[in-house]
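The structure under discussion appears below in the form of structure tokens.
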Amino acid sequence: MGKAKTFRERVHEAREHVAMLSPDEARQLIDVGGVLLIDVGEEWQLRERGTIPGARNITRGELEIRADTEQERRDPALQDRQQKIMLTCGGGGKATLSASALLEMGFTDVSVIRGGCRGWQRAGYPLEPYPAPISGVYPLSDEERTAVRAGMDAARRGDFASEID
């Protein structure tokens, strides 16, 4: 057996056969529609960073089980092997490994957003809070989100003095 591979080495190898899209290319495809957009990050990661608007969360650990037509936990949205699927995560690595797995499972049109959600944001596109806001409720601004996080951090520490004054 050869040398053990690192996460980065595995991602680099997977990129050789996985379609990588720039955030701009991904945005155009999402705007046209007909794409199943999946964020493979863990739920706590999505709650922390948000996700691309319209993305479903199916974690890397669940994706292959949910895509397997013979599994009890299969997801009906993942049964068509010819559908267009676009994957993302925080930085793109887990999404790339997930895309490689889906290709091995017979999916034919799988792509990854280069740079993941961080690349999406660097390109000037917003992330939405996770879970998505209730229809008709607008997402928080960056300032409001910062204030909410500061309040949550204060609550975790038991520091309520600033709220009492």
Side-chain angles (χ1 to χ4, degrees), residues 2-68 73 75 77-78 81 83-133 138-153 156:
K3 175 188 169 262
K5 296 177 185 175
T6 66
F7 173 78
R8 287 179 189 256
E9 289 169 332
R10 292 185 65 232
V11 169
H12 181 73
E13 285 180 6
R15 281 191 181 134
E16 293 176 14
H17 61 273
V18 169
M20 303 298 292
L21 302 174
S22 72
D24 292 331
E25 292 168 324
R27 177 67 184 256
Q28 290 173 1
L29 288 171
I30 292 167
D31 287 348
V32 169
V35 176
L36 178 59
L37 177 59
I38 301 172
D39 190 322
V40 298
E42 298 296 324
E43 185 175 339
W44 68 266
Q45 293 171 312
L46 275 70
R47 288 184 183 281
E48 199 172 87
R49 66 168 153 79
T51 192
I52 297 171
R56 292 185 57 191
N57 179 225
I58 304 175
T59 64
R60 165 126 173 79
E62 279 289 309
L63 185 63
E64 292 156 86
I65 293 167
R66 304 277 297 279
D68 189 330
R73 292 194 335 244
D75 186 330
L78 288 169
R81 297 304 199 241
Q83 71 179 307
K84 185 177 288 300
I85 297 175
M86 189 180 305
L87 302 174
T88 191
C89 61
K94 287 194 289 188
T96 302
L97 294 176
S98 297
S100 181
L102 290 179
L103 290 169
E104 287 177 19
M105 295 179 77
F107 287 86
T108 60
D109 194 353
V110 181
S111 57
V112 172
I113 300 173
R114 188 176 293 113
C117 288
R118 286 192 291 276
W120 182 263
Q121 280 188 301
R122 279 193 301 271
Y125 302 122
L127 297 178
E128 70 179 8
Y130 182 86
Y138 296 97
L140 299 176
S141 68
D142 289 340
E143 293 84 17
E144 291 168 323
R145 195 173 301 116
T146 299
V148 168
R149 284 187 180 138
M152 289 169 55
D153 290 343
R156 284 189 200 107

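All heavy atoms count here, side chains included; hydrogens, waters and symmetry mates do not.
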Does the Asn57 side chain pair with the main chain of Gly41, one donor and one acceptor, at a distance under 3.5 Å? yes

Which residue in the set Leu21, Thr96, Thr88 passes side-chain contact (heavy atoms from CB on, under 4.5 Å) when paired with Val112? Thr96

Do the side chain of Arg81 and the main chain of Leu78 share a donor and acceptor less than 3.5 angstrom apart? yes

Enumerate the side-chain hydrogen bond (donor to acceptor under 3.5 Å, both in side chains) contacts for residues 31-41, please, sequence neighbours excluded, ordered by first and then second residue. Arg27-Asp31, Asp39-Arg49, Asp39-Thr51

Arg66 CZ to Arg56 CZ distance, which is reported to the nearest 0.5 Å: 6.0 Å

Restricting to side-chain hydrogen bond (donor to acceptor under 3.5 Å, both in side chains), what partner residues turn up for Tyr130, sequence neighbours left out? none

What I'd like to find out is whether the side chain of Met86 reaches to under 4.5 Å of the side chain of Ile113, using heavy atoms alone. yes

I need the Leu37 CG to Leu29 CG distance, nearest 0.5 Å. 10.5 Å

Partner of Ser100 under side chain to side chain donor-acceptor pair (under 3.5 Å), chosen from His17, Arg15, Glu13: His17

Is a salt bridge present between Glu62 and Arg73, judged by a nitrogen-to-oxygen distance below 4.0 Å? yes

With a 4.5 Å cut-off on side-chain heavy atoms, are Tyr125 and Ile52 touching? no

side-chain contact (heavy atoms from CB on, under 4.5 Å) for Leu87 and Leu102? Distances and angles first, verdict last. CA-CA 10 Å; Leu87 302 174; Leu102 290 179; 4.1 Å; yes

Report the residue from Leu36, Ile38, Ile65 that forms a side-chain contact (heavy atoms from CB on, under 4.5 Å) with Ile58. Ile38

Do Arg47 and Pro131 have side chains that get closer than 4.5 Å, going by heavy atoms? yes

Please report the interatomic distance CE(Met20) to CD(Glu25), rounded to the nearest 0.5 Å. 10.5 Å

